[in-house]
Amino acid sequence: MPATAMASRWRFRQPSVVPGFGMALGFTLAYLALIVLIPLAGLVWRSASLGWSEFWRIAMDDRTVRALEISFGTSLIAATVNVLFGTVVAWVLTRYRFPGRRVLDAMVDLPFALPTAVAGIALTALYAPNGWIGAMFASLGLKVAFTPAGIVVALIFIGLPFVVRTVQPIMEEIDREVEEAAATLGATRWHTIWRVILPGLSPAILTGFTLAFARAVGEYGSVIFIAGNIPYVSEIAPLLIVIRLEEFNYAGATAVAAIMLAISFTILLLINVIQAWSRRRFGYGA
Amino acid sequence: MAPDTALMREDATARVAMQATTESRRSRIALILCATGFLFLFLVLPLAAVFVEALRQGFGAYLSALTEPDALAAIRLTLVVAAIAVPSNAIFGVTAAWAIAKFEFRGKTFLTTLIDLPFSVSPVISGLIYVLLFGAGSALGPWLQRHGIEVLFAIPGIVLATIFVTFPFVARELIPLMQDQGTADEEAALSLGASGWQTFWRVTLPNIKWGLLYGVLLCTARAMGEFGAVSVVSGHIRGLTNTMPLYVEILYNEYSFVAAFAVASLLALLALMTLVLKTLLELRFSSPHGVARH
């Protein structure tokens, strides 16, 4: 049959009467290459031309290792806090009706809309020892701003919507009948939540965690104001890149950036694996 | 009587079913308090702090901070950068969505992943790649210098970094939307004798206008607020290459807190406006979060 012969032949695209494919794809690829791919390739090429031993020397430098540890450590804590509270926020916003719910729902996106520098100085003003919240901590003898705890606060702020907005749509899709079935079978409410609802949400929660974590690792604007930026204590990896650039140490900046990029892309890959797995397991992506 | 009691019974079963699928009143209240308390602490208070700090020395000081020549220059530059970056990315977004959503071809998923790439790159690295490309140590650097073309520490560099950071916004909103819409409308228009461009302007564009507006809105908010990427390529020349967020940083580091928060309050107002418009657009879409994924 000619039809099956045509279908089985390898072809770049399926035939269509809609025009403009060549032009649209051509423009897309050209723009993508000019803005994203060539500059990123430049970074990879630059770090490759450093040579393995030079790259290794910079990567294993005490200050670099410490900055990466601080970045990834604080991001991990912030993403964990966001998973706990973000899931509760998503639950309350989808399941309960109370005055002010719509406003709160809209407010969740504030960290997406508010410029990071503004968030940074606002959080610093709040958590500085003379700020509204900082004063309360100060009376307990605790310091938040200008310590790693301040970094965590800023990263919680910018990561929150990632968890809420990933979990919320999946929560809305949950079939109430499953919960009713669990209840008729004698499960208590907490039992139903732990054994029935949360397992179905876990891929979405995991995706939200990964997105919040990935964003937190690269975050710069909101953190540098509140962190205090003390080398080896509260200096994050993106700041170290900026410092190396200001010293005209391009090799140093490039090496730190390449390490961060490699880790971010691994995380991105992980998200795709989680989503593919969850589609197979639960029939929907997160 | 009979239908009445049947109704009552149905009502009662519905209530029992509701009770079985929700938490006790006490834990509901506890959860609501926990969520609102957390959002208040992390979202409402910082926003309030911006305005309180900005107005700390009265409205006069606030206004004079905003009408400083350097502040006006920063506002102007921010608007110029957004006016170039947003339309570029909007045109790219529509074109990319047209190619990806209206056609079936090999490597489509990979192309979509590549378009999303800038979202997973740290803003600082987004700036760094242009420094490496156009800086003094690069292959292009000396050539640009000989021809007197300034890219880094000038407006073109800021625009490029902003385009990179906001690259996926419009495409990302339009691709799923146009995939859902399919090609039936376009095929109908073409079969009735419309040309390709007519089909695009009269059929496709009206179909995607709200999604496009949504993407443009998010893109604009990010373009005006971008800090990290722009900070790396700008060179912080006062009155020349300072956008509003960079100007906020400079004022803050000079301990002019009221002025810093005054400029920041403009950006915060912009963010609030974005949220309001976004909520309105979502009501129009009537799909609360389907379009809001980042």
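Below, read A as the first sequence line, B as the second, and so on, with proteins coming before strands; counting in each chain starts at 1.
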Exceeds 12 heavy-atom contacts within 6.0 angstrom, atom CH2 of A/Trp45: no
Heavy-atom distance under 4.5 Å to chain B: side chain of A/Ile267, backbone, both or neither? neither
Contact winner vs chain A - B/Gly196, B/Ala96, B/Ala221, heavy-atom pairs under 4.5 Å: B/Ala96
Contacting moiety of B/Thr279, where chain A heavy atoms sit under 4.5 Å: side chain
Given heavy-atom pairs under 4.5 angstrom as the criterion, report whether the side chain, backbone, both or neither of B/Val44 touches chain A. both
Where B/Ser27 and A/Trp190 come nearest, the two heavy atoms and their spacing: CB-CZ2, 4.3 Å
Okay, B/Leu31 and chain A: the region with an atom under 4.5 Å from a heavy atom over there is both
A/Ile224 portion near chain B, given a 4.5 angstrom heavy-atom threshold: side chain
Could you look at B/Ser138 and say if it's the side chain, the backbone, both or neither that has a heavy atom under 4.5 Å from chain A? both
Engaged part of B/Glu249 at the chain A interface, taking heavy atoms whose separation is under 4.5 Å: both
Measure B/Leu132 against the heavy atoms of chain A and call it side chain, backbone, both or neither at under 4.5 Å. both
Tell me, out of B/Leu133, B/Leu267, B/Asn253, B/Leu270, who's got the most heavy-atom pairs with chain A below 4.5 Å. B/Leu267
Note: A/Pro19 and B/Leu190 closest approach over all heavy atoms is CD-CD1, 3.6 Å
Interchain contact, B/Phe42 with chain A, by part (heavy-atom threshold 4.5 Å): both
Side chain, backbone, both or neither: which part of B/Ile32 has a heavy atom under 4.5 Å from chain A? both
Checking heavy atoms, do the side chain of B/Tyr130, its backbone, both or neither come under 4.5 Å from chain A? side chain
For the pair B/Thr183 and A/Val17, evaluate side chain to side chain contact (heavy atoms under 4.5 Å, CB included) and give the outcome as yes or no after the intermediate values. CA-CA 9 Å; B/Thr183 54; A/Val17 295; over 6 Å; no
Measuring heavy-atom distances to chain B, does A/Leu40 have an atom under 4.5 Å in its side chain, in its backbone, in both, or in neither? both
Nearest atoms (heavy-atom pairs only) where B/Ala99 meets A/Leu25: CB-N, 3.9 Å
With a 4.5 angstrom heavy-atom cut-off, which part of B/Ile125 approaches chain A: side chain, backbone, both or neither? side chain
Does a sphere of radius 6.0 Å around CZ in B/Phe110 hold more than 12 heavy atoms from other residues, nucleotides or ligands, not counting ones at 6.0 Å or beyond? no
Between B/Leu114, B/Leu272, B/Thr199, B/Val232, who has the most heavy-atom pairs with chain A when the cutoff is under 4.5 Å? B/Leu114
Non-hydrogen atoms of chain A under 4.5 Å away: do they reach the side chain of B/Ile115, the backbone, both or neither? both
Return the orientation label for the A/Phe85 and B/Phe38 ring planes: parallel under 30°, perpendicular over 60°, tilted otherwise. parallel
Applying side chain to side chain contact (heavy atoms under 4.5 Å, CB included), run through B/Thr95 and A/Tyr31 and close with a yes or a no. CA-CA 10 Å; B/Thr95 321; A/Tyr31 192 79; over 6 Å; no
Okay, B/Phe164 and chain A: the region with an atom under 4.5 Å from a heavy atom over there is both
Is chain A contacted by the side chain of B/Ser24, its backbone, both, or neither, given a heavy-atom distance below 4.5 Å? neither
What pair of heavy atoms forms the shortest contact from A/Arg11 to B/Arg106, and how long is it? O-NE, 3.3 Å
Could you go through the side chain to side chain contact (heavy atoms under 4.5 Å, CB included) check for B/Leu39 and A/Met107 one step at a time? CA-CA 8 Å; B/Leu39 293 183; A/Met107 280 290 286; 6.0 Å; no
Classify the ring geometry between B/Phe227 and A/Phe225 as parallel (under 30°), tilted (30 to 60°) or perpendicular (over 60°). tilted
Residue pair B/Phe103 / A/Gly20: nearest heavy atoms and the distance that separates them: CZ-C, 4.4 Å
Counting heavy-atom pairs under 4.5 Å to chain A, which of B/Leu275, B/Val50, B/Thr36 comes out on top? B/Leu275
Is A/Val217 close to chain B through its backbone or its side chain, or both, or neither, when contacts mean heavy atoms under 4.5 Å? neither
Nearest non-hydrogen partners of B/Phe261 and A/Ile121, listed with the distance: CZ-O, 3.4 Å
Between A/Leu29 and chain B, which part of the residue has a heavy atom less than 4.5 Å away: side chain, backbone, both or neither? side chain
Go through the atoms of A/Leu245 and report whether side chain, backbone, both or neither lie under 4.5 Å from a heavy atom of chain B. side chain
Under 4.5 Å heavy-atom distance to chain B, tell me which part of A/Val256 shows up: side chain, backbone, both or neither. neither
Any idea which of B/Thr274, B/Ile163, B/Leu43, B/Val276 has the most non-hydrogen atom pairs under 4.5 angstrom with chain A? B/Leu43
Under 4.5 Å from any heavy atom of chain B - which part of A/Phe21: both
A/Phe98, CZ: over 12 other non-hydrogen atoms inside 6.0 angstrom: yes
Taking every non-hydrogen pair under 4.5 Å, which of B/Val248, B/Leu128, B/Thr113, B/Leu217 racks up the most with chain A? B/Leu128
Give, as side chain, backbone, both or neither, the part of B/Ser88 having an atom under 4.5 angstrom from any heavy atom of chain A. both
